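Remember, it's a predicted structure, so these values are computed and weren't measured experimentally. To find a chain, count down the sequence lines: A is the first, B the second, and so on, and within it residues start at 1. Computed over heavy atoms, backbone and side chain alike; hydrogens, waters and symmetry mates excluded.
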Amino acid sequence: MIQHFPILSIMSLFLGSFLIVIFGGKNRFIRNSLAVLFSAIPLVLICCLIKPILIDGEIFSYWMGDWEPVSGFAIGIGLEVDALSLFFALLVVLTIFLAAVFSLKYMSRDDALDKYYTLFLMLGGGVLGLVLSGDLFNMYIMVEILTFASVALTAFRNWGKGSLEAAFKYLVVGSIGSAFILTGVILIYAQVHTLSLAQISALLATEGLTPATIFGFALLFAGYATKAYIVPFHPVAADAYMTAPSSISMVFSGMVNKAGIYGMIRLVYMVFQAMSQSAMQYIIVILGCLTMFIGVTMALSQHDFKRLLAFHSISQIGYVLTAVGLATALGISGGLYHALNHTLFKGLLFLCAGAVFYSVGSTDLDKLGGLAKKMPQTTIIFLIGAFSISGLPPFNGFMSKWMIYQAAYEKAALEGSFFYALVTIVGLLVSVLTLASFIKVTQSVFFGQLAPGCEKAKEVPFSMRWPMWLMAILCVLTGLFPGFVNRYLVVPASAAAIDTTGYIDAMMGAGYGQQLGLSPETALSLEYELTGYWDPIAWLVLFVVLLAGLMISLGLGKASRGPVRRPVPADPKYDTFFGGEASQHSHVGGSDLFWGLKHNLRHYFRFMHSMHSGVVNDYALWTVAGTAVIILFMILFL
Amino acid sequence: MGLPFIKEAITQLFSKPSTEKYPLVKKEVSDGFRGKLVFHPELCINCGMCMRVCAPQAITRTIEKTEEGDRITMEFHMGSCTFCSMCADFCSKNSIELSKEYSMVVTNEDDLKVRGSFIKKAPPKKELSPEQLAKLKAAKAAKDGKAEEEFDSCPDA
Amino acid sequence: MFKKIIDNSMAKSPWIYHINTGSCNGCDIELVSVITPRYDAERMGFKLTGTPRHADIVVVSGPVTSQSKERLVRTLAQVPEPRVIVSLGSCPRPCNVFKGSYSVEGPLDKFCEVDVSVAGCTPKPEAIIDGLALAAQILKEKRRQK
Amino acid sequence: MQILLDLFYVLIFPGFLFCAVVGLLLAGIDRKIVARMQKRMGPPIVQPFYDFFKLLGKETIIPHAASRGVFIAAPLLGLVSLVVMALFIPVFGFTAFSGVADLIVILYLLTIPAAAIIVGGAASGSPYAGVGISREMVAIVAYELPLIIVLLTVGKKAALDGGITFSFTEIQAYQAEFGSMLSHWSMIPAAVAMLLVIPSEVGSHPFDVAEAETEICEGPLVEYSGSLLGIYKLNHAIKMFILTALFAALFLGGAGSGILIVDVLLLLLICTVVTILSMSLPHAISARLKVEKMFKFYWTLVTVLAVISLVLVWMGF
């Protein structure tokens with residue numbers, strides 16, 4: 001029975017989407033319960049798979065309609081669930097479920113919600129199908145489903161400014177990416193006459209890469225990079241994330257770009273086994289660093305909450321990509337850990353943006369302010385998310401980023417390559433810039449003076465808060481128990497990512513690889529230790545003890561210390577100091593938090609602004625040009 | 001980026017500071033300093049010149065009638081003074097001088113007031129005989145009717 | 001004992017906030033000269049702060065003009081207790097030469113309780129130091145009585 | 001017993017009490033030395049203690065516009081993270097919680113006090129604080145780049161087998177064996193860069209763009225009063241100690257004498273010297289930098305110094 005769980009979970013999402021089309025149009029209750037039910041089923045099913053796959057290390061293979069390989073040739077469509085797939089599948093189902101619950105209230109003011117949930121579940125099904133699939137063409141189909149569902153969802157609030165435009169850009173660039181993937185699939189199929197990932201991998205490993213397969217590989221790589229929004233392909237992401245409803249932005253950044261990352265990891269590690277070549281490592285790390293840096297610097301100059309988060313999303317994906325590109329055990333573990341964390345904290349932050357939008361009706365940073373008093377819980381949740389993404393200890397971002405830094409710097413030492421030392425520096429710097437950028441958001445949304453439009457803001461209802469709280473708690477827990485997360489989630493997944501032989505054997509029958517002359521060695525050993533490893537629990541206990549001690553000592557010293565006064569209304573004593581001026585006449589204002597930075601790097605920022613022109617022709621051009629560069633690089637150096 | 005002051009800073013570190021140890025070592029002020037006012041009531045002739053030239057109107061005079069004569073109190077409000085020294089310059093009897101005391105720090109504003117009083121003896125009164133008195137009264141009564149305003153305007157007469 | 005330490009520290013680290021309510025700048029310049037190397041009020045713990053929230057001693061200079069009255073009241077209200085208000089120079093309390101002007105709202109006593117007044121036009125820095133030292137003692141007394 | 005010992009570590013030595021006293025003393029020495037360099041007499045060395053205790057006795061006002069919880073929690077958060085950092089920075093051979101010290105943890109922990117100032121300032125709802133935190137932000141970005149490079153340089157240099165290390169224990173072991181980092185000529189530019197980073201990280205004078213009291217009314221601290229302000233001042237003082245001790249651990253470490261008291265005294269001596277060199281001297285001789293000038297200074301001169309060291313270390317010198 002458990003063998004059928006992967007396909008059942010995919011089917012339940014698609015089935016739910018069809019059922020909502022049929023029954024959900026009229027009755028609100030039926031629609032909502034169908035949506036929650038059919039997004040909860042995959043969550044349960046996938047969680048059942050944790051034990052056999054992540055803990056016991058099995059690999060599930062499933063042939064649709066029992067079309068098993070005939071004389072060593074895969075002719076059917078296969079699902080293959082190894083730890084890597086399951087790792088991403090877990091992120092997907094968790095995101096879908098929480099987003100569905102959040103949507104219930106969040107989307108309640110929109111109409112045509114049956115279409116929303118239809119598309120939403122279809123998007124989820126597409127991503128889940130992609131990560132569980134063991135078939136190159138099936139992956140392409142799922143990519144198409146998720147792309148078009150995403151396009152439609154981006155344009156869902158078509159009354160909003162720019163949403164149709166964003167959807168159009170997404171459509172164009174997404175289609176170009178899909179076309180690249182399709183072309184890549186065709187080229188590969190023409191060379192090896194099979195679509196099963198396992199068999200392609202085995203055949204390519206024995207026959208070696210030809211220019212044609214490299215070309216196909218480069219196209220596939222670029223196509224999935226488009227889906228992951230790494231740098232030359234990223235500008236559409238910002239528009240799409242900004243204009244889509246927040247629950248959808250969360251899904252985009254929590255799982256849609258993870259799907260792209262999954263595709264890239266699967267391709268470079270497993271199918272083409274190209275990671276042992278340093279040229280491949282260089283291009284992935286360079287792309288990753290560019291993504292990281294450009295993402296975060298663009299985020300610094302944004303004035304919209306969600307657009308800013310979108311650029312951060314791009315930047316964090318850069319971290320994941322860089323880590324994956326390092327091709328060390330620590331690197332890939334760090335990358336996967338960061339992917340997990342990114343799903344949690346970025347989903348959380350997008351939900352916070354959604355909550356703010358729900359209460360105030362705007363996500364413009366210049367129009368928001370002082371919401372901490374109106375929405376205290378959202379503020380705390382947002383702060384947890386912001387600390388996590390900035391990598392402050394003991395939150396989860398710290399752990400994964402640390403693994404990435406150490407991986408990069410160790411790689412540098414190992415290869416004696418100064419390039420990777422620079423990568424470490426860029427990583428650390430981007431982390432600081434992330435912190436800076438989030439301080440800006442915190443300051444302009446939640447603290448500061450209460451903005452004119454925000455007086456009537458209220459805390460969001462409980463059904464919106466608890467998905468946020470759940471993710472916030474998960475953020476803290478994954479930061480506090482990195483050993484646990486590593487042992488049960490990240491290490492099995494990274495082991496699976498590099499265990500090509502096991503994957504091939506599970507799909508094609510044991511010993512298939514050896515028959516073709518493939519040695520059963522794994523490329524990397526997963527033994528690593530963190531230098532100067534620290535224990536977050538001890539640290540947290542210390543922190544709490546200290547804080548409690550301080551509070552007590554402050555309380556005891558009350559007799560000798562001045563009283564802490566609560567504000568009395570209408571007493572000028574508790575007014576803000578404006579140099580003695582009445583607040584309405586004050587001319588003081590810190591409008592641009594990064595003026596000093598932008599002034600010094602004005603040439604860079606001017607160039608970046610001209611690059612992000614908002615013209616879809618330009619974006620299509622960057623996409624094609626980026627792909628051309630990738631193809632050229634791979635053909636020259638691979 | 002030149003840092004011209006490093007040498008200066010290091011030299012100063014090992015030399016004596018130029019700070020005056022003020023509250024411990026009292027300090028003399030230079031000549032011509034105009035500090036707290038000193039009033040010598042025994043020299044004053046109550047001409048009122050000082051009050052006329054005082055721009056901040058810091059000088060007030062109160063006159064009380066007493067047995068021996070008018071008791072005149074000059075009050076110099078140091079809190080309101082601009083220390084222009086005009087009063088001292090105009091005082092024909094040198095009854096006002098500005099001392100070198102500069103520290104005028106009080107908690108109560110009244111402590112800043114410099115007062116001095118003296119008695120201006122009334123001129124000895126002529127003893128008039130009853131006839132003379134009656135004459136004066138008659139003259140006054142005759143005048144009353146026509147020159148009331150005049151009388152008002154010339155109280156000294 | 002702890003209380004005593006705090007009481008004693010009160011007198012040893014008075015921070016000054018300076019408000020100019022229409023002064024001619026004479027007193028302001030002399031106040032600044034108090035922190036120059038020659039007089040160096042920092043040796044007694046005096047420090048100029050930038051905001052009334054940090055201040056212990058508020059130094060007011062200048063007659064209270066009608067423009068500055070509102071600002072003065074608002075700023076004075078924002079100083080945390082215990083606080084001492086020093087009137088610097090001849091202007092704030094009896095308004096000096098500006099007495100009776102249509103645009104002068106003084107004296108300062110109308111708006112707050114003035115603890116120390118330093119006379120002089122302008123006071124010598126030594127006098128200001130004396131005044132501030134007295135203010136620091138008053139600060140300590142105020143803290144003790146509380 | 002272990003709990004008592006841990007409590008002793010946390011609260012007395014090398015935790016809260018020790019670093020508070022030493023930090024305030026260093027702040028006093030700094031003020032005194034600056035005054036002497038400017039030909040002034042200067043406050044007594046215990047002046048920061050007076051300031052701190054006085055602030056405890058003042059009324060604490062929380063303005064209307066402030067969000068109360070964060071306004072109160074921010075300075076405490078900064079203080080706690082500083083104390084935690086003090087536990088991790090080794091005193092020659094001795095660390096309170098050995099094996100947990102780590103360069104990256106330190107790097108992140110160092111941003112928390114700055115972030116606490118920013119968050120507290122933001123929570124106070126004042127526009128001056130808005131200007132202040134924007135400057136603080138640029139300052140963080142400015143000094144963080146050279147700091148990262150310096151730490152990575154030390155991490156590379158101290159690794160014994162051609163690898164890397166982020167661990168303080170190994171850095172101390174390396175220095176005990178091969179002499180302090182400062183005795184290797186390739187590390188000197190990094191040490192100079194670190195010396196230049198310290199004042200900015202502490203928020204000491206020429207780089208205190210965020211708290212410019214003459215321009216923007218103390219910036220983020222504008223609305224703080226009483227004991228909360230006192231905690232910020234304490235944070236500032238502890239930060240001085242932490243950073244100078246960090247410098248000592250990174251560049252002047254070693255086995256020490258083995259006797260804890262002597263080691264501590266030696267550390268205090270080093271801290272004092274570093275304070276005078278890196279904080280008092282620039283304070284005395286220069287005026288406050290403009291924020292964009294500061295950014296330029298750190299991203300060009302200081303970064304270049306740090307990178308020179310990094311390259312030299314990578315080339316094997």
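In this structure, chain B has a heavy atom under 4.5 Å from the backbone of Asp115(C), while its side chain stays farther away. Using a 4.5 Å cut-off between heavy atoms, Pro37(C) touches chain B through backbone and side chain atoms alike. Neither the backbone nor the side chain of Ile128(C) comes within less than 4.5 Å of any heavy atom of chain B.
Applying the 6.0 Å contact sphere to NZ of Lys100(B) captures more than 12 heavy atoms from other residues, nucleotides or ligands. Within a 6.0 Å radius of NZ in Lys69(C), other residues, nucleotides and ligands contribute 12 heavy atoms or fewer. No more than 12 heavy atoms of other residues, nucleotides or ligands shown are found within 6.0 angstrom of CD on Gln67(C). Taking a 6.0 Å sphere around CD of Glu42(B), one finds it holds more than 12 heavy atoms contributed by other residues, nucleotides or ligands. Within a 6.0 Å sphere centred on CZ of Arg61(B), other residues, nucleotides and ligands contribute more than 12 heavy atoms. Within a 6.0 Å sphere centred on CE of Met86(B), other residues, nucleotides and ligands contribute 12 heavy atoms or fewer. Few gaps surround NZ on Lys110(C); more than 12 heavy atoms of other groups in view lie less than 6.0 Å from it.
Checked by atom type and distance alone, the side chain of Ser90(C) never pairs as donor or acceptor with a backbone atom of Thr82(B) at under 3.5 Å.
The shortest heavy-atom contact between Ser103(B) and Ala127(C) is CA-CB, 4.1 Å. The two residues Gln57(B) and Lys99(C) come nearest to each other via the heavy atoms O-NZ, 3.3 Å. When all heavy atoms of Ala119(C) and Met78(B) are compared, the closest pair comes out as CB-O, 3.8 Å. Of all heavy-atom pairs between Val105(B) and Asp130(C), the closest is CG2-CB, 3.8 Å.
Annotation: maximal heavy-atom pairing with chain B below 4.5 Å, among Glu126(C), Lys124(C), Arg43(C), occurs at Glu126(C). When Gly120(C), Cys91(C), Pro125(C), Ala135(C) are compared by the number of non-hydrogen pairs under 4.5 Å with chain B, Gly120(C) comes out ahead.
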